[in-house]
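Each remark here refers to the structure printed beneath this line.
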Amino acid sequence: MKLKCLLLAVYASLLAACAQDAPLKTSSKPLAHFSWFEYQGNDEIFKAPLAANQYQNPILAGYHPDPSIVRVGEDYYLVNSTFGFYPGIPVFHSRDLVNWTQLGNAIHRPEQLSFDGIHLGYNGVYAPAIEYRDGTFYVINTCVACGGNFIVTATNPAGPWSDPIWLPEVIGIDPSLFFDEDGKTYIVHHRNPPVQKYPAHTALWVMEVDSKTFAPVSDDVMLVDGGDEAPWHTEYIEGPHIYKIDGTYYLYAPGGGTGYFHGQLVYRSDNVFGPYEANPNNPVLTQVGLPDGREHPVTATGHADLFQDTNGDWWTVFLGTRVYNLDKPPQDPGNFATGRETFMLPVTWQNGWPHVLEKGEAVPYRVNKPKLPAGKPAPRAMTGNFTVREEFTNASLAPHWLFVRTPRSKWWQTGNGELILEARADTIGAVNQPSFIGRRLAHMTASFATQLTFNPHTVGDEAGVLAVQNDEHFYAFGLGLNHKGQTVLRVRKKAGKNESIRGDTVAEQVVKLKHGHPIYLRVNIDKAELNFAYSTNGKRYTTLLNQADSSPLTTAKAGGFTGAVVGMYAESTAQQN
């Protein structure tokens, strides 16, 4: 009887596994087969070799904004914001602060949060903060347009992470937890002041909360009014953290917004509720005031977190942007498609204040390593120039792959050397959940390529590679049919919310391709320009479109807080035509 039950259980599990794969195998829509995806980055600033005692800035290249870090013993864990991309809030681990490995994501189940209908670049999960206490990791965050402020927890930073614990009494964005030495728990956060003097007038607040339920047990107290007169930028003050160091409470927060005037500010007090005095040397980190025409500029530095390593040395992680022009700052803060990246610098203490950079000092790309035992090389390069080729041999996707919003059905399959995407009616540009899987663009000069096998059934079926900033700004390079039934390759561009949902076709070429034979697609990005090329044999490539304007992929053009994501897509708009 036991054997019969066991066999029935095994049979049931096999049926469940088959059911999960069934949507792809039985779909009436065409399936796009991608045999591999190769990404190569080749930035000028990364070409010079590092000395043996140096690490490379940024430590996480490409769209990794709003870093927060916590040390647990000899281990360091770092998280970033992801806005409308899923899975959300990547969790990285390091033991030497140089080699970083992504363990997973704090938002990794569709039922945790709904990103349905939100804007990719402006809404979703904002700046997270990670803390640890008594065997539990905490990530506190704001889901803008999808629920408000919340906390997720885990005993293993790789996951699983809990469902959100909602914080309806916490107003504003960018909350951070502070666990005091006496066991009390506080949430410090951004919030508008009672009376706003101007639209960018914000403030920093703190409340004591219950250590288990996180319900308020005190009033919400304003600590810093961003409208007070100061000789530095306090508009849009946000992203606060509180630390207790040698008996003194330090408040660490960025001001000036996330653009050209971004800078990190420090305040201190003898009481967690204040009053707080400002560091007379604020901001302790900024790039404002440097020559705009400087080589390889890093701009918009801030949104930092402060920590001490096991050697007793202090460090800060922060976001910055690498730009390739600064023609008309601050109105034109520079073009960059790589988004806001994670940098790290040492911190010294001067007269009781943390100090990062002298005024007018540029963020260095090469810095002396922490005095820590060398860690194992990361399995996936996170900075510098590199080439990586994904051949889809595993049955599940690695945690760095991104979707546009939260997937509600299983329209992809990976393993056995290919990624299969179902061509669905959801399309990029329509504020829905398209069949797209991508990775962050990490370089100004890069290329990405794939081998695609796809047999479109009718006009409107299309598959290929996509570079996207948001629904209003993207390039699609795909294989489809024209209205004569001919197989064509086309490049589509969308560069604004007033354009058609799918953008405009800017190049198209009839290609002769035997049924079932693959085609090879390659896109080169060189700062302001894009090149789209294809091959029928994987050796000789033909250019379809050269010197295309890359500005739709930049934050300067598209707005928002993310960076470009590049990858593979499939769609079928036959019912819409």
Side-chain angles (χ1 to χ4, degrees), residues 37-47 58 61-63 121 292-299 321-329 332-341 384-388 428-429 438-450 464-470 472-479 489-496 499 502-509 520-535 540-560 562-569:
F37 184 82
E38 183 173 283
Y39 175 91
Q40 183 177 55
N42 191 33
D43 281 355
E44 185 68 30
I45 193 62
F46 295 146
K47 290 181 179 179
Y63 153 46
D292 291 324
R294 64 191 184 275
E295 191 176 18
H296 305 302
V298 175
T299 67
T321 58
R322 292 183 296 130
V323 303
Y324 56 81
N325 79 307
L326 274 171
D327 291 338
K328 299 176 182 178
D332 175 12
N335 288 314
F336 58 98
T338 45
R340 300 176 297 160
E341 305 174 298
N385 288 330
F386 57 82
T387 298
V388 60
I428 190 67
R439 58 152 293 147
R440 294 161 176 85
L441 178 70
H443 299 82
M444 296 182 186
T445 302
S447 68
F448 56 96
T450 191
V465 290
L466 178 73
V468 56
Q469 262 277 359
N470 54 43
E472 298 92 31
H473 298 86
F474 61 81
Y475 271 97
F477 181 25
L479 183 73
L489 275 174
R490 64 172 64 95
V491 176
R492 291 184 288 114
K493 178 182 77 169
K494 187 173 181 180
E499 297 189 7
R502 300 181 70 245
D504 297 322
T505 298
V506 292
E508 186 170 290
Q509 174 69 50
Y520 303 82
L521 306 178
R522 185 179 67 198
V523 179
N524 293 328
I525 301 175
D526 189 8
K527 298 176 182 174
E529 295 181 350
L530 292 160
N531 173 276
F532 299 85
Y534 68 95
S535 173
R540 180 179 299 173
Y541 279 80
T542 300
T543 296
L544 178 60
L545 178 63
N546 196 22
Q547 296 181 321
D549 173 23
S550 72
S551 67
L553 303 179
T554 68
T555 303
K557 173 71 173 179
T562 64
V565 175
V566 299
M568 300 144 286
Y569 78 98

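Counting from 1, the numbers follow the sequence of the chain as shown.
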Might you point out which heavy atoms bring [X] and [Y] nearest each other, and give the distance in Å?
{"X": "Ala548", "Y": "Tyr475", "value": "CB-OH, 3.9 Å"}
{"X": "Tyr324", "Y": "Ser550", "value": "OH-OG, 3.6 Å"}
{"X": "Arg490", "Y": "Glu508", "value": "NE-OE1, 3.0 Å"}
{"X": "Ala556", "Y": "Asn335", "value": "CB-OD1, 3.3 Å"}
{"X": "Ala442", "Y": "Thr338", "value": "C-CG2, 3.7 Å"}
{"X": "Thr562", "Y": "Gly121", "value": "CG2-CA, 4.0 Å"}

Salt bridge or not between Lys493 and Asp549? Use side-chain N to carboxylate O under 4.0 Å.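 Here Lys493 does not pair with Asp549 in a salt bridge, since their nearest N and O are not under 4.0 Å apart.
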Would you tabulate the side-chain donor-acceptor contacts of residues 523-534 under 3.5 Å, counting partners in other chains and residues two or more places apart, or write 'none'?
| from | atom 1 | to | atom 2 | distance (Å) |
| --- | --- | --- | --- | --- |
| Asp526 | OD1 | Thr445 | OG1 | 3.0 |
| Asn531 | ND2 | Asn546 | OD1 | 2.8 |

Using a 4.5 Å cut-off on heavy atoms from C-beta on, say whether the side chain of [Y] contacts that of [X].
{"X": "Leu544", "Y": "Phe477", "answer": "yes"}
{"X": "Ile428", "Y": "Tyr569", "answer": "no"}
{"X": "Leu479", "Y": "Leu521", "answer": "no"}

To the nearest 0.5 Å, what is the distance between OG1 on Thr554 and CD on Gln469?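 Thr554 atom OG1 to Gln469 atom CD measures 7.0 Å (nearest 0.5 Å).
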Going from CZ on Arg322 to CE on Met444, what distance comes out if it is rounded to the nearest 0.5 angstrom? 5.0 Å
Show your working on side-chain contact (heavy atoms from CB on, under 4.5 Å) between Gln509 and Thr542 and close with a plain yes or no. CA-CA 11 Å; Gln509 174 69 50; Thr542 300; over 6 Å; no
Taking the six-membered ring for Trp, are Tyr520 and Tyr541 parallel (under 30°), tilted (30 to 60°) or perpendicular (over 60°)? perpendicular
In sequence, state the C-alpha distance, the side-chain angles, and the governing distance for Leu553 and His473, and then conclude on side-chain contact (heavy atoms from CB on, under 4.5 Å). CA-CA 6 Å; Leu553 303 179; His473 298 86; 5.9 Å; no
Is the distance between the ring centroids of Phe46 and His296 less than 6.0 Å?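 Phe46 vs His296: aromatic centres not under 6.0 Å.
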Is the backbone N or O of [Y] less than 3.5 Å from a side-chain atom of [X], with the two atoms forming a donor-acceptor pair by type?
{"X": "Arg522", "Y": "Ser447", "answer": "no"}
{"X": "Glu341", "Y": "Thr321", "answer": "no"}
{"X": "His443", "Y": "Gly384", "answer": "yes"}
{"X": "Arg440", "Y": "Tyr63", "answer": "yes"}
{"X": "Asp43", "Y": "Ile45", "answer": "no"}

Quick one, Lys494 with Val468, criterion side-chain contact (heavy atoms from CB on, under 4.5 Å). Give me CA distance, side-chain angles, the key distance, then yes/no. CA-CA 9 Å; Lys494 187 173 181 180; Val468 56; over 6 Å; no
Where do Arg439 and Phe37 land on the side-chain contact (heavy atoms from CB on, under 4.5 Å) test, with the steps shown first? CA-CA 10 Å; Arg439 58 152 293 147; Phe37 184 82; 4.1 Å; yes
